[in-house]
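Only a predicted model underlies this, so the values are computations on that prediction, with no experimental measurement involved.
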Amino acid sequence: MDPEIERKWQKRWEEARIFEPDIDPERPKFLITVPWPYSNGSLHVGHGRTYSLADVVARYRRIMGFNVLFPMGFHQSGTPILAYSERLRRGDKEAIRQYTDYLREYENDSEIEHYLNQFNEPENIAQYFSDRIVKDFRGLGYSIDWSRRFTSAEPFYQDVVKWQFRRLHDLGLIKQGRYPILYSIEDQNAVGEDDIKDGDTDKVSVEEFTAVIFRGPEFGMVASSLRPETIFGITNLWINPDEEYHIIDYMGERLAVSSGSVQKLILQNPEIKDLGIVEKDRILYHEFTVPITGKKVPVFPSKFVDPENGTGVVYSVPGHSVWDYVALKDLGAGIEPIKIIDFPEGKELTVVDLVKQKNIMSLSDTESIRDATAILYREEFYSGIMGNGNSDFSGMSVQEARESIKKRLLQESAFILYETSRKAETRGGSKVVVAVLQDQWFIDYSVPWLKKKSHAVVNEMLFEPSHYRDGMHDIIDWLRERPCARRRGIGTKLPFDERWTIESLSDSTIYPIVYTCARQLREIHKNLGNNLPEDIIEHIFTGEPLKNSYSDEVMGLISEAARSKEYWYGVDVRMTTSPHITNHLAFYIMNHAALFTERDWPKGIVISGLVISEGAKISKSKGNAISLLKIANSYSSDLYRLFSAINSETTSVLDWNETDINLVRKKYDTFVSMVESFKDPGVTRMGNVERWFVVSFYNHAKDFISRMDKYDIRGACISVFYEVLNDLKHVEARGGNIMVALREVIRDWLVLMSPVIPHTCEELWEKMGNHGFVSAERYISPGSGMDQSPIHRENYIEKLISDIREISRATGIKPSEIRINVAPREIFETTSILMNEGPSKVPDRHKYLIPDFMKNKKNISIEIVDELDLITSEREYLENLFSCRIEIRSEVSRSGRANPWPGRPSIELVR
RNA sequence: GCUGAGGUUGCCGAGCCAGGUUAAAGGCGACAGACUCAAGAUCUGUUUCCGAAGGGAUCCGCCGGUUCAAAUCCGGCCCUCAGCACCA
């Protein structure tokens, strides 16, 4: 549809406020939400899909008689907006280019400079793009109630978030503790994925090492390992001969570590003190004691030890580490590997074998050593068993032993050390290490009562696709403490510790409830001098009595808000994409479980698939990130909506590409021209085909409804769009009258199509002389009692035609005459007996028919009573189709090639 | 590796959960015909193989099992994709 026409309808909808629903106790409500978009840029073709599908659902529910609320707000918390604003202020070329691109969508070139300057303030970025997204969404015809719009940065909403966190705190779900983060020593700041060089393509994660203390007479040594279970195989310790070593004070104990690790250790354990350099000859070749076993082992030098990694001290397990084995061989120390891990029957793998197999000669074969190490670690971890002589741990699997040995060591001879999963540096080039925050705030999702309640929520919910229900149970079991506050970023201050800002996923878990009463909450906030007291929030959300007294005006707003919340909440369906499942949706469910009673719990989640463009992942650099504004203008929003709905299943990948778009466009054009050319044919009566069309249409409509109710949006749209179009073609091909056929269904067809292509349907609806909005119409189903015989009759004719064709093909006969013999009355009666009462009841004179009946059973049917009339009425059509005379009879024949049966007349082609 | 999803006829993609009505929807492509000066668009038919009568054979990643009957249920194997966390 012409973008101008689409804008016309958008404007009319807006003026008539038909998508801003009020409480209506007479109608069932339906609240549908999609996570709010993060407003740091304009949205593209990929983002629009979920919103489009949600809008199709919202509009569908509306025509089915629900009071539908589809609200939307904007997310502005977190670091990205801040980071971009900083980058723009710094004059970062890449950021400027990106934002110039965004701005070109909306502004003249002369304005761009002005806006870029404004974007030095993060709030301006957020405000600007929220406004554009509203416009873009309006331009796509979404039936969103914008009157309830708010953002995560709005003061009244932040009061809600604060209330939420106090409640969680009261419930004992907020904790404080140690937490490892990626950190730049040089910048003295936490670093995120965006700050790390290649952080997006090659992710850096935090690994947890066990730093084991080996005590000696003067001081101890600390060596960290991912494999604490191997301490039974230790033969020696390694240090790097080229590195300085320091003594540190750790809880009153003197320990030696590499100079390169001291700072990191202090960042992880602030109580550690650097006591300065220790001469290496006080370490090398001295002996230290292995914990648990009490064995004394010497320290050897080796250059393979990385002084930056761990503590710069390595304990040597030649029996189970390729590096250690090869290093010892290089050194020629004559130390034999000790084997402490066995495999089950039939499996054997040793370091010595691997070294031979990979042909490793010395420490310089780093590639081969890494390969061998990976194989060895994997095999030992998954199938290894602790061998004899490992004291309490013999017979344990390596996995179990690792945990329990670690536990034992941590009691007095070890501490946790964190290390990055790879060497990493920031974009600025400074080194990234792991620091440990001592006072990180968490939401504790591991509490048993909360898990139990959350499982209960999940059990009652609709999930589409349904297998995500099991997935969600697993995620709930797997969630532990989650850091819920950060030291930087936009957001709400933690109410009980204002140094912290609530982390951006944690501030957006229960916000859909705010949609139900955003206007009133904002009003109250304003009225009370920019303050939204907690007892008011609590009262509206949970029904707890108010603790304070307020003016009549405020009391009025409070009760209005409470009524609205009562009517609209919980969310009937939340639609989003799969990346949200393990985080946002899980928090959404668990926070609701924690804070609300059953009636306010989420009721359904529908996951929509991702979008690719021209077969490739959407990205700015590929140039395939088409903005939603451009979509609406150059393709038309109805085409985009139809394409999103029909070209792929709700849950699978959608490929936005020109070829497929054009195919959909063609069908769409056919639809429009068919409806546009409709003229009421007056009193013309319906024939067989038209009757068939009408019944078939309502069958499709029924299918549409049952599929929409299951969120099979694609299947539903195929039914009511492609299938109906095909049916119309069939009417045409069978010589039926399209206008007559359409007359019966056209009104309902427009109503049913309006959720998908609302602008088109409004325009056609008006052109047909209807008043009001088709979007506000209600579809009334004709009920299930519709007579299906026109369908059976049409199938009968189709089968007859295809049989004639098949015979003609098999025999090569182009008939000059076709003789059709329909089963006569007496055969019909006998067939009825055969089908209902069994062969023994058949009259004797027809017994000879039984074998033939058995043979042709699957084609025989007594659904149509007047076959002779039916074929006769289609005679002209058949004669035209086959360009020959058709003779129709109805008689018993004992001699013909085939006996006629009800539903299966005999056919004879005459040359 | 773990967790989840999936491998269907030239391609995309239904169906499998509730086994038979499935040579297996629909679309695309291909081929033939109609229309046209021609192309496109549109319409009709065909599109695993065999067939001089509406029929038959083979078929749904691989191997095996259950069953009167399996694309559909069970077991094993091979392969593909997604997620694996503090990041919005």
Side-chain angles (χ1 to χ4, degrees), chain A residues 35-40 75-81 83 152 179-182 190 192-194 199-200 203 205-206 374 377-379 381-382 399 440 442-443 445 465-468 470-472 474-475 477-486 489 503-508 577-584 586-587 607 609-610 646-649 651-653 655 659-660 662-664 666-667 669-670 712 714-715 718-719 722-723 726 729-730 732-733 799-813 815 855-859 861 881 896-898 904-909 911:
Chain A
W36 46 14
Y38 188 71
S39 37
N40 69 326
H75 198 205
Q76 306 186 337
S77 317
T79 48
I81 291 178
S152 64
Y179 189 71
I181 53 163
L182 296 175
E193 193 179 287
D194 296 339
D200 46 346
K203 268 187 109 167
S205 54
V206 173
Y377 281 20
R378 190 175 60 230
E379 290 302 324
F381 181 67
Y382 290 106
Q399 297 182 43
Q440 171 70 50
F442 298 93
I443 297 181
Y445 287 117
S466 57
H467 68 255
Y468 283 124
D470 293 339
M472 191 53 80
D474 290 347
I475 292 159
D477 285 334
W478 163 79
L479 275 170
R480 314 184 296 258
E481 294 92 0
R482 179 194 156 83
C484 63
R486 310 189 76 194
E503 181 271 334
S504 59
L505 278 180
S506 304
D507 84 351
S508 302
T577 49
S578 61
H580 278 140
I581 295 169
T582 53
N583 42 65
H584 167 69
F587 307 148
I607 302 298
L610 294 173
I646 215 165
N647 228 46
S648 169
E649 294 226 320
T651 55
S652 51
V653 177
D655 185 5
T659 316
D660 290 347
N662 284 329
L663 293 167
V664 173
K666 225 152 66 182
K667 300 280 183 191
D669 288 343
T670 311
D712 174 9
R714 176 175 186 249
I718 286 175
S719 261
Y722 285 161
E723 303 278 359
N726 285 343
K729 276 198 258 176
H730 184 72
E732 203 169 21
K799 171 75 174 145
L800 178 67
I801 292 167
S802 94
D803 280 352
I804 293 171
R805 283 210 172 103
E806 188 164 355
I807 296 165
S808 172
R809 184 170 354 106
T811 58
I813 296 172
K855 194 179 141 206
N856 291 301
K857 207 171 168 180
K858 69 174 185 179
N859 289 313
S861 129
L881 188 65
R897 276 206 170 84
R904 189 183 187 275
S906 77
I907 299 162
E908 190 184 353
L909 304 191
R911 274 184 202 276

task = Looking at every strand, decide which applies to S802(A) at a 4.0 Å heavy-atom threshold: base, sugar-phosphate, or nothing.
result = nothing
inquiry  = Heavy atoms only, 4.0 Å cut-off, all strands: where does L505(A) land among base, sugar-phosphate and nothing?
reply    = base
message = Please report the distance, rounded to the nearest Å, between CG in N583(A) and P in C87(B).
response = 12 Å
inquiry  = side-chain contact (heavy atoms from CB on, under 4.5 Å) for R482(A) and F587(A)? Distances and angles first, verdict last.
reply    = CA-CA 10 Å; R482(A) 179 194 156 83; F587(A) 307 148; 3.2 Å; yes
request  = For P905(A), report the nucleic acid contact type (base, sugar-phosphate, nothing); a contact means any heavy atom under 4.0 Å.
outcome  = base
query = When the distance from CG of D669(A) to P of U42(B) is rounded to whole Å, what number comes out?
reply = 11 Å
message = In this structure, how many angstroms lie between the P atom of A53(B) and the CD1 atom of I801(A), rounded?
response = 22 Å
task = May I ask you to say what H75(A) touches in the nucleic acid, namely base, sugar-phosphate or nothing, with a heavy-atom cut-off under 4.0 Å?
result = sugar-phosphate
message = Roughly how many Å apart are C16(B) and U21(B), using the P atom of each and rounding to a whole number?
response = 13 Å
ask   = Separation of L182(A) atom CG from C86(B) atom P, in whole Å?
value = 8 Å
request  = Could you tell me whether E806(A) contacts a base, only the sugar-phosphate backbone, or nothing, with contacts defined as non-hydrogen atoms closer than 4.0 Å?
outcome  = base
ask   = Across the strands shown, which category fits I804(A) at heavy-atom distances under 4.0 angstrom: base, sugar-phosphate, nothing?
value = nothing
remark   = Comparing nearest nucleotides in RNA chain B, the 5'-proximal residue of the pair R480(A), R805(A) is R805(A)
message = I'd like to know whether R805(A) forms a side-chain contact (heavy atoms from CB on, under 4.5 Å) with L881(A), so could you lay out the CA-CA distance, the side-chain angles of the two residues, the decisive distance to 0.1 Å, and finally the verdict.
response = CA-CA 11 Å; R805(A) 283 210 172 103; L881(A) 188 65; 4.0 Å; yes
Show me the protein contacts with nucleotides 9-14 of chain B, counting only N or O atoms at under 3.5 Å.
| residue | atom | partner | partner atom | Å |
| --- | --- | --- | --- | --- |
| A14(B) | OP1 | E649(A) | OE1 | 3.3 |
| A14(B) | OP1 | E649(A) | OE2 | 3.2 |

request  = Return the stacking result for G4(B) and Y468(A): yes when the ring centres lie under 5.5 Å apart and the planes under 30°, no otherwise.
outcome  = no
